[in-house]
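Just so it is clear: chains get the letters A, B, ... in the order the sequence lines come, proteins before strands, and each one is counted from 1. Keep in mind that this is a model prediction, so the values were computed, not measured.
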Amino acid sequence: MKKKLIVVAGPTASGKSTLAVSLCQKLGGSVISCDSMQVYKNLDIGSAKITPEEMGGVRHYLIDVADPKDPFYVARFQALANEALSDIYSRNELPVLCGGTGFYINSVLYNTDFTEEGKDESLRQKLSEFASEHGNHALHEKLKDIDPVSYETIHENNIKRVIRAIEYYEHTGEPISAHNEAERKKESPYDFVFFLLTDDRQKLYARIDRRVDAMVSAGLYDEVKRLYDLGLRQNDISMQGISYRQFMDCIEGKATFAETVERIKLESRHYAKRQMTWFRRQEGAIVLNRTACGGTDEGVLDAALRIISERGFCD
RNA sequence: GCCCAGAUAGCUCAGUUGGUAGAGCAGAGGACUGAAAAUCCUCGUGUCCUUGGUUCGAUUCCGAGUCUGGGCA
């Protein structure tokens, strides 16, 4: 018998956190946040982290579990999320995976295998230098013999992917394309309902703009400045998040305050678009369009609860 | 009022020695399996301001007009 869980996914500013909390309150659950930025401590305003009040007494996992100076990545996320799942199941509660990082959600939902080997910073460094010295094309050519499938599939300018493919081969002797192919075929070990929150594009974009303005009013600049003063810089993974990156530039005088705010809005829109592209291919996703649900949190919640009940998911 | 410079894609502009035009940004679509808020790929027809003229042919040259900058009064 597969264990049950609910997923609440969607682009930034689509109302995921609110729905997840409400579902937990109604159904007796806890939230596992699937967000690559909210895992970091002290990234509160800019990551749109849920506040203790907003949690409404619902337990939240995977928030504030990493130091901004430490690199965090899927494999770590997956391990912690699996611990959280056991914890939630042991209390006979329903886990609600909620977040905008599709890659993280899938790592748990399909139990992606990351155990075979680790990452190799020095090799990555070496390959990266090779690329800047000899060009992306030359680096890409290295793939030709060891992994012809990846050679065809991965664009030569996508050096992160090219590096990873080479790294994987170096450590396992197998092409990463074969590994990925196998992982893609996996069936989820869970019995789940996948909610995909969306809204009409224009409305979503307008909500993003408003939210960025609200973040700025709430003291976003000071938050980033504090991190900057702690020694965090653009090359720290935690500072690659939208808002942090742009304000780092502002602090260093590379952009004006007004330009920075506009930039953040723009990058957030682009991000939302990428998220939609990722989630759209999710098999069996139930799309909840906010406007179609009446444009309110209550409307979205009602729609979600109706589907859960129709499916007899939580009898 | 006079003089000068502009007027080309949603925006900023390039260009056409006269044969109806192309970049960046925006926007749209897509990929992604140990950096993922990261990284990467694809997509550009628009009265070339209006109107006369010259010409086989004008967005391009010439004249007039309109608008927008700037300067002089």
Side-chain angles (χ1 to χ4, degrees), chain A residues 9-13 33-40 43 46-49 66 68 70-80 99-121 123-125 127-128 131 136 139-140 150 152-168 170-172 175-186 201-202 205 208 211-212 215 234-248 259 262-282:
Chain A
T12 185
S33 168
C34 301
D35 186 296
S36 65
M37 286 298 139
Q38 297 186 7
V39 293
Y40 293 108
L43 273 66
S47 72
K49 196 180 286 171
D70 294 334
F72 195 88
Y73 41 91
V74 231
R76 274 184 74 186
F77 173 84
Q78 188 193 42
L80 292 172
T101 307
F103 190 29
Y104 281 15
I105 293 174
N106 282 9
S107 76
V108 176
L109 202 53
Y110 295 96
N111 199 27
T112 312
D113 178 17
F114 295 119
T115 56
E116 286 178 34
E117 48 86 53
K119 58 173 189 166
D120 183 337
E121 280 310 333
L123 178 62
R124 286 185 186 189
Q125 185 68 28
L127 292 172
S128 170
N136 296 349
L139 182 71
H140 189 245
S150 292
E152 288 300 321
T153 314
I154 304 173
H155 192 278
E156 64 179 31
N157 288 342
N158 204 345
I159 58 171
K160 272 190 187 182
R161 288 266 140 64
V162 175
I163 288 174
R164 169 94 261 259
I166 295 171
E167 175 189 59
Y168 189 89
E170 292 292 321
H171 282 252
T172 65
I176 196 170
S177 52
H179 175 255
N180 292 165
E181 180 62 26
E183 292 302 306
R184 251 192 295 269
K185 283 181 185 149
K186 271 184 166 175
R201 191 61 67 90
Q202 290 310 311
Y205 283 2
I208 287 172
R211 187 155 86 163
V212 172
M215 286 177 180
Q234 286 91 332
N235 55 353
D236 288 296
I237 295 178
S238 62
M239 291 300 107
Q240 288 179 5
I242 297 166
S243 292
Y244 298 97
R245 222 187 204 189
Q246 290 77 15
F247 265 117
M248 286 268 156
E259 283 166 354
E262 284 315 300
R263 193 80 216 164
I264 291 170
K265 289 175 180 173
L266 181 70
E267 295 293 343
S268 298
R269 292 199 289 269
H270 289 170
Y271 173 48
K273 203 168 156 320
R274 266 177 277 134
Q275 288 177 300
M276 284 309 298
T277 301
W278 176 284
F279 290 129
R280 267 195 284 243
R281 71 177 175 187
Q282 174 64 46

(message) On the side chain of A/K273, is there an atom forming a donor-acceptor pair with the base of B/G29 - under 3.5 Å, no angle test?
(response) yes
(request) Could you check which of B/A28, B/U39, B/G34 has an atom nearest any side-chain atom of A/R274? (result) B/U39
(message) Please check: side-chain N/O of A/Q246 versus main-chain N/O of A/R263, any donor-acceptor pairing under 3.5 Å?
(response) no
(request) Output all residues satisfying side chain to side chain contact (heavy atoms under 4.5 Å, CB included) with A/K265, sequence neighbours left out; order by chain, then residue number. (result) A/D209, A/V212, A/D213, A/V261, A/E262, A/R269
(request) Using atom CZ of A/R124 as one end and atom P of B/U39 as the other, report the distance to the nearest whole Å. (result) 14 Å
(message) Please give the distance between the P atoms of B/C56 and B/A26 as a whole number of Å.
(response) 47 Å
(message) Measuring from the side chain of A/H179 (C-beta onward, heavy atoms only), which nucleotide among B/U39, B/A28, B/U33 has the closest atom?
(response) B/U33
(message) Between B/U47 and B/A7, how far apart are the two C1' atoms, rounded to whole Å?
(response) 14 Å
(message) Rounded to whole Å, please give me the gap between OH in A/Y110 and C1' in B/A36.
(response) 17 Å
(request) Report the distance from atom CD of A/Q246 to atom P of B/A37, rounded to the nearest whole Å. (result) 14 Å
(request) Name the nucleic acid region contacted by A/I154, choosing base, sugar-phosphate or nothing; use a 4.0 angstrom heavy-atom cut-off, strictly under. (result) nothing
(request) Identify, with sequence neighbours excluded, every residue that meets side chain to side chain contact (heavy atoms under 4.5 Å, CB included) alongside A/A75. (result) A/Y73, A/F114
(request) Return the value, rounded to whole Å, for the distance between atom CE of A/M239 and atom C1' of B/A36. (result) 16 Å
(request) With the side chain of A/F103 defined as its heavy atoms from C-beta on, choose the nearest nucleotide among B/G30, B/A36, B/U39. (result) B/A36
(request) Using the C1' atom on both, measure B/A23 against B/U16 and round to a whole Å. (result) 15 Å
(message) A/E152: which residues meet the side chain to side chain contact (heavy atoms under 4.5 Å, CB included) condition with it, sequence neighbours left out?
(response) none
(request) Between B/A28, B/A36, B/G34, spot the one nearest the side chain of A/W278, thanks. (result) B/A36
(message) Taking any heavy-atom pair under 4.0 Å as a contact, classify A/S243: base, sugar-phosphate, or nothing.
(response) nothing
(request) Could you tell me whether the side chains of A/S268 and A/R211 share a donor-acceptor contact shorter than 3.5 Å? (result) no
(message) Can you identify which nucleotide, out of B/U33, B/A36, B/G27, has its nearest atom closest to the A/N180 side chain?
(response) B/U33
(message) Applying a 4.0 Å non-hydrogen cut-off, can you work out what A/G102 is touching in the nucleic acid: base, sugar-phosphate, or nothing?
(response) nothing
(request) Between A/F279 and A/G241, just flag the one whose closest nucleotide in RNA chain B comes earlier from the 5' side. (result) A/F279
(request) Any chance you could encode RNA chain B as dot-bracket? Rule is Watson-Crick or G-U wobble with both distances under 3.5 Å; [ ] for pairs crossing earlier ones, | for another strand. (result) (((((((..((((.....[..)))).(((((.......))))).....(((((..]....)))))))))))).
(request) Can you tell me, in whole Å, how much space there is between the C1' of B/U8 and that of B/C67? (result) 16 Å
(message) Between C1' on B/U33 and CD on A/E183, what's the gap in Å once rounded to a whole number?
(response) 7 Å
(message) Would you measure the distance from the C1' atom in B/G18 across to the matching atom in B/C61 and give it in whole Å?
(response) 8 Å
(request) For the side chain of A/R184, starting at C-beta, report the closest nucleotide among B/G30, B/U33, B/A35. (result) B/U33
(message) Expressed as a whole number of angstroms, how long is the span from A/R164:CZ to B/A31:C1'?
(response) 17 Å
(message) Given B/A35, B/G27, B/A37, identify the nucleotide with an atom nearest to the side chain of A/H270.
(response) B/G27
(request) Pick the P atom in B/U17 and in B/G22, then give their distance to the nearest Å. (result) 14 Å
(request) Return the nearest nucleotide to the side chain of A/N157; candidates are B/C41, B/G30, B/U33. (result) B/C41
(request) Would you kindly give the CZ-to-C1' distance between A/R161 and B/C40, to the nearest whole Å? (result) 7 Å
(request) State, to 0.1 Å, how close A/V74 and A/Y104 come at their nearest heavy-atom pair, and which atoms those are. (result) CG1-CD1, 3.5 Å
(message) Can you measure A/Y40 atom OH to B/A36 atom C1' for me and round it to whole angstrom units?
(response) 11 Å
(message) Work out how far the P atom of B/U68 is from that of B/G63, and round it to whole angstrom.
(response) 23 Å
(request) Take A/E167 and A/I176 through the test side chain to side chain contact (heavy atoms under 4.5 Å, CB included) and record every step on the way to the result. (result) CA-CA 9 Å; A/E167 175 189 59; A/I176 196 170; over 6 Å; no
(message) Any side-chain N or O of A/Y73 below 4.0 angstrom from OP1/OP2 of B/G34?
(response) no
(message) Under the rule for salt bridge (charged side-chain N to carboxylate O under 4.0 Å, His left out), what residues qualify as partners of A/R161, not counting sequence neighbours?
(response) none
(message) Heavy atoms only, 4.0 Å cut-off, all strands: where does A/T101 land among base, sugar-phosphate and nothing?
(response) sugar-phosphate
(request) Assess the side chains of A/Q275 and A/Y271: does a donor N or O sit below 3.5 Å from an acceptor N or O? (result) yes
(message) Between B/G69 and B/U55, how far apart are the two C1' atoms, rounded to whole Å?
(response) 34 Å
(request) Go through B/G30, B/A28, B/A36 for me and flag the one nearest to the A/T277 side chain. (result) B/G30
(message) If you assign each of A/Q38 and A/T153 to its closest nucleotide in RNA chain B, which residue comes earlier from the 5' end?
(response) A/T153
(message) For a quick check of understanding: with a heavy-atom distance under 4.0 Å over all strands, which category does A/F77 fall into, base, sugar-phosphate or nothing?
(response) nothing
(request) Name the closest nucleotide to the A/H155 side chain, picking from B/C41, B/A37, B/G34. (result) B/C41
(message) Taking side chain to side chain contact (heavy atoms under 4.5 Å, CB included) as the definition, give me every residue that meets it alongside A/S238, ordered by chain and number, with sequence neighbours left out.
(response) A/Y40, A/L43, A/P68, A/L232, A/D236
